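For reference, the structure is listed below as structure tokens.
Letters go in sequence order (proteins before strands), and every chain restarts at 1. Every value quoted in this text rests on a predicted model; they were computed, and no experiment measured them.
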2 protein chains.
Amino acid sequence: MSNSLDDVVSGALGVLDTHGLEFCSMRRVASALGVQPSALYHHVPDKQTLLALMADRIVADVHAPVDGSREQRALAVCHGLRDAMLSIRDGADVVATASAFRLGASGIESDLAEVLGDRDGARTLLLYVFGHTQATQDHRLASAVGVLEADPDLDASFDRGLAIVMRGLAD
Amino acid sequence: MSNSLDDVVSGALGVLDTHGLEFCSMRRVASALGVQPSALYHHVPDKQTLLALMADRIVADVHAPVDGSREQRALAVCHGLRDAMLSIRDGADVVATASAFRLGASGIESDLAEVLGDRDGARTLLLYVFGHTQATQDHRLASAVGVLEADPDLDASFDRGLAIVMRGLAD
DNA sequence: ACCTGAACACCGTTCAAGT
DNA sequence: ACCTGAACACCGTTCAAGT
């Protein structure tokens, strides 16, 4: 059976979730799809592009709700983003790296900027969400492996930091 | 001549600055030191540890000034950190990655927490500085290579985001 | 203590050729 | 359009052995 680009992205996300970013190689993705490594290059010019497509898919369903106050809508986006990234192994690393590369050009940053009416505020909030979620996920992995003790406060810490940034944005 | 651990870290930083993180391999570092790849493992257990030592050295001279208001001292740390990371190629990536892994355990986070009297505030500020600086550096590289147009506003954008977070921290 | 030499099990990417 | 097969130029890490 022929694979489509969507199949390739799905296959890559499967490898990511079961083996982690470190082992998410073009060769592994190819073998998960039952295909030679070189076949992937028919769908994608390079690995970086594949990672960007994976990032897009991870956050694809994150949108601002239509009603609520500005603050409520912004918080919903931040929590949705965090949950989406945490829902897949190393998701935060994948999304944060891809997003750092196109700051200002991401759909979510525009969404957030529209909700808040503040481009700098949107960027600041987004960078915070990426950074904290990445740290949370790395920390969880490390404590699962046993190199660090678990920090049960990370979710509360996220909300407290979010509150700090939102307070700075209040008009 | 025998190499010390410090020599290895210096050599690695040299390779990083001239070739970038992508090409900062154990093999290249070894060859820059005039030594076989396996020799590095006498000084360092693995590449990840070497990257952490490089990160420590990049930010080694960043400290809070002794006088000034709380806000002034915190801003000085943030700017010092940003400048230190931008002073070497891919420095922000190296520092941010190493720091995400030990959130709460870094010296700068403690420094900042002491200055601000607020652990969550320190973490929030730090994540913002890492994220924005990483995006700035990636963006500059991409525009130097020509894949993105340059954004001359990135430095001003950094200060505006910093002001937002500081405002959220005001008591 | 610091290093060599050789090996192991991998990488991303290219390219001619097949269907 | 989608894929194979083979190759190129690399990786990180281990380990016995040398000085």
Which is true for A:S25 with a 4.0 Å heavy-atom rule: it touches a base, it touches only sugar-phosphate, or it touches nothing? sugar-phosphate
I'd like to know if B:R82 pairs up with B:D155 as an ion pair, taking the criterion as any Lys NZ or Arg NE/NH1/NH2 lying under 4.0 Å from an Asp or Glu carboxylate oxygen. yes
Of A:A39 and A:R27, the one whose closest DNA chain D nucleotide lies more 5': A:A39
Rounding to an integer number of angstrom, what distance separates D:dA9 and C:dC10 when you compare their P atoms? 22 Å
Look at A:D6 together with A:R57 and state whether they make a salt bridge at an N to O cut-off of under 4.0 Å. yes
A:N3 and A:H42 side chains, donor-acceptor separation under 3.5 Å: no
Should the pair A:F158 and A:Y128 be assigned to parallel (<30°), tilted (30 to 60°) or perpendicular (>60°) ring geometry? parallel
On DNA chain C, more 5' by nearest nucleotide between B:S38 and B:S4 is B:S4
Taking atom types as modelled and ignoring hydrogens, do the side chains of A:Q137 and A:D90 form a donor-acceptor contact shorter than 3.5 angstrom? no
Does the distance from a Lys or Arg side-chain N to an Asp or Glu carboxylate O, for A:D153 and A:R160, drop under 4.0 Å? yes
The reported gap from CE in B:M85 to OG1 in B:T136 (rounded to nearest 0.5 angstrom) is 9.0 Å
Secondary structure of DNA chain D per the Watson-Crick/G-U criterion (both distances under 3.5 Å; [ ] crossing, | other strand, . unpaired) is ||.|||||...|||||.||
When you compare the side chains of B:D7 and B:H43, does any donor N or O come within less than 3.5 Å of an acceptor on the partner? no
The first and last nucleotides of DNA chain C lying within contact of chain A, meaning any atom under 4.0 Å from one of its heavy atoms, run from C:dC11 to C:dC15
